Amino acid sequence: MTTIPRKKKANIPHLIGYTCTICHRHYPYEEELLTCPDCGDTAILDIDYDYDVISQHVSRESLRKDYTNSMWRYKAFLPLEERDYSASLRVGWTPLYRSLRLGDELGLKALYVKDDGLNPTASLKDRASAVAVAKALELGYDTISCSSTGNAASSCAGNAARVGLKTVIFVPERAPQGKLAQMLVFGAQVVSVIGDYRETFNLSKAAIDKYGWYNRNAGINPVMAEGKKTVSFEIAEQLNFAPTDWVAVSVGDGCTIGGVYLGFRDLFALGMIDRIPKILGVQSTGCSPFVDAARDGVPLKPTPENTLADSISVGVPRNPVKALRAVSASNGAWIAVPDEDILDAMRVMGTVEGVFGEPAGVTSFAGVKRALEQGIIKPGESVTCLVTGSGLKDVVNALRAAGEPIRCHPDLEELDRTDLIARLNKA
Ligand SMILES: *Cc1c(COP(=O)(O)O)cnc(C)c1O
Ligand SMILES: [Zn+2]
């Protein structure tokens, strides 16, 4: 096996540098940075772009003629070298469905569902992993590592497998079986940590520091939110550059919602959209550090992790600054919904729209319903609901949401005596 010598930085003309989200110091792009050298590990960086350079490569017109049906149609916006990415997994360009019935029922002007559960490893995390894996290769690493509540890990493992990188994954022992099976099938070394997500994250950080692997932790590495921002490019483009009034996103660490904002910010800076949608951050009442902090006007406090929506069961969010900014800079709102509403959203999304999301995947929709009840979203506004992961990842909760099948012997008379017809008439 040949090892490629590690590079300090890549050749990226549109990347100007980094700005620390804590001390706001600017660092020119002289080497690849993860966190602020002055403020330390919790100081996430923003990546600064030269929009003049980007606009030389991409426009509404150029996109119209681009048949790349993956997130790589937006590579001019990403902090990566110009290269052919067609050999990697096909991430992105997921469908944006106009809701056929739910939007009307709720009194919305329009409701759209962006089904990111249809990504190759079945979650939106693929957008971040695709960029992380590309960056690891670009810099000459042979191993990539992260800690995760599940989806980041399975996604990292899948995208890495495809390009021949080795993967070391740290997950809390409560990770659902579907996600665990994915990582193992993708050949990752999986460390199941006897502890909660916070402890899992800390162990992964210590191990990555010690062994020198490429760090895919979204709470540290700024390229992760950059990958996730491609979902906003798609929402905008699929709506002919007139995005909905609101975009609803379920929030754990805060990287996804932070990325959603970055995408709209980029398009706005380039004059490709004329308004940034209001961003609705949705959490479970069982674990809602962002919602609590916003309601009380105080800094985030560590919170117990008590929700069945495992992907957003994050008591100590690692991307607080970008998440808070996404909501405040877009004039959006924070809202929490109980787990019962999340299970209900799973059933309704499946029954009424044919979209099967995992609990965290449909928490956004549960939040839209509640935000309408509370007058945060107004009737007559338009909304895009981001479904961030597939329900097949967590069938235990899917079955809780959906109820029991009818049990019957292969006997028509017995079938007649069941409540099949009553159920059909009710549905
Ligand atoms: C990771 C994840 C989220 C939340 O993303 P954060 O960056 O942790 O806020 C939401 N839904 C699903 C399905 C996820 O996997
Ligand atoms: Zn700093």
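Quantities reported herein were computed from a predicted structural model and do not represent experimental measurements. Heads up: numbering here begins at 1 and tracks the sequence. Start at 1 and go down the list; that is how both ligands and their atoms are numbered.
Residue Ile257 places no heavy atom under 4.0 Å from ligand 1. Distances from ligand 1 to the non-hydrogen atoms of Lys228 include at least one value under 4.0 Å.
Distance from atom 5 (O) of ligand 1 to its nearest protein heavy atom, with residue and atom name: Thr256 OG1, 2.7 Å. Counting only heavy atoms of the protein, atom 10 (C) of ligand 1 lies nearest to Thr388 OG1, 3.5 Å. Of all protein heavy atoms, the one closest to atom 8 (O) of ligand 1 is Asp253 N, 2.8 Å. What sits closest to atom 1 (C) of ligand 1 on the protein, heavy atoms only, is Lys125 NZ, 1.3 Å.
The shortest N or O to N or O distance between Gly252 and ligand 1 is under 3.5 Å. Every N/O-N/O distance between Glu358 and ligand 1 stays at or above 3.5 Å. Of the N or O atoms in Gly389, none lie within a sub-3.5 Å distance of an N or O in ligand 1. For Ile312, no nitrogen or oxygen atom sits less than 3.5 Å from a nitrogen or oxygen atom of ligand 1, counting backbone and side chain alike.
Set against the non-hydrogen atoms of Cys255, the atoms of ligand 1 under 4.0 Å away are 6 (P), 7 (O), 9 (O). Listed by number with element, the atoms of ligand 1 under 4.0 angstrom from any heavy atom of Val251 are 9 (O). Of all the atoms in ligand 1, the ones that sit under 4.0 Å from a non-hydrogen atom of Ser250 are 4 (C), 10 (C), 11 (N).
Proximity of Ser123 to ligand 1, defined as any heavy-atom pair under 4.0 Å, is not found for any part of the residue. Using a 4.0 Å cut-off between heavy atoms, Asn151 contacts ligand 1 through its side chain alone, with no backbone atom that close.
Here the straight-line distance linking atom CZ of Arg73 with atom CG of Leu63 works out to 5.5 Å at 0.5 Å rounding.
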Practice problem: Under the salt bridge (Lys or Arg N to Asp or Glu O under 4.0 Å) rule, what do Glu234 and Arg127 come out as? Steps first, then yes or no, please. | Solution: CA-CA 12 Å; Glu234 290 177 21; Arg127 298 178 185 275; 2.8 Å; yes
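Within a 6.0 Å sphere centred on CZ of Arg90, other residues, nucleotides and ligands contribute more than 12 heavy atoms.
Between the His26 side chain and the Tyr18 main chain, a donor and an acceptor come within less than 3.5 Å of each other. Using modelled atom types, no side-chain atom of Thr167 and backbone atom of Ala188 make a donor-acceptor pair closer than 3.5 Å. A donor-acceptor contact shorter than 3.5 Å is absent between the side chain of Glu173 and the backbone of Ile194.
With Asn119 as the partner, the side chain to side chain contact (heavy atoms under 4.5 Å, CB included) test is satisfied by one option alone out of Val231, Asn151, Thr94, Leu89: Thr94. With Lys7 as reference, Glu81 is the one residue of Glu81, Glu31, Glu32 to meet the salt bridge (Lys or Arg N to Asp or Glu O under 4.0 Å) rule.
The Zn ion (ligand 2) does not have His24 among its coordinating residues (no N/O/S atom, backbone or side chain, under 2.8 Å).
Counted by atom type alone, Ser382 and Lys109 present zero donor-acceptor pairs between their side chains at under 3.5 Å. For Asn221 and Tyr214, the side-chain atoms include at least one donor-acceptor pair closer than 3.5 Å.
Between Tyr197 and Asp310, every side-chain heavy-atom pair lies at or beyond the 4.5 Å cut-off.
Cys20 contributes SG and Cys36 contributes SG; the angle these two atoms make at the Zn ion (ligand 2) is 110°, rounded to 10°.
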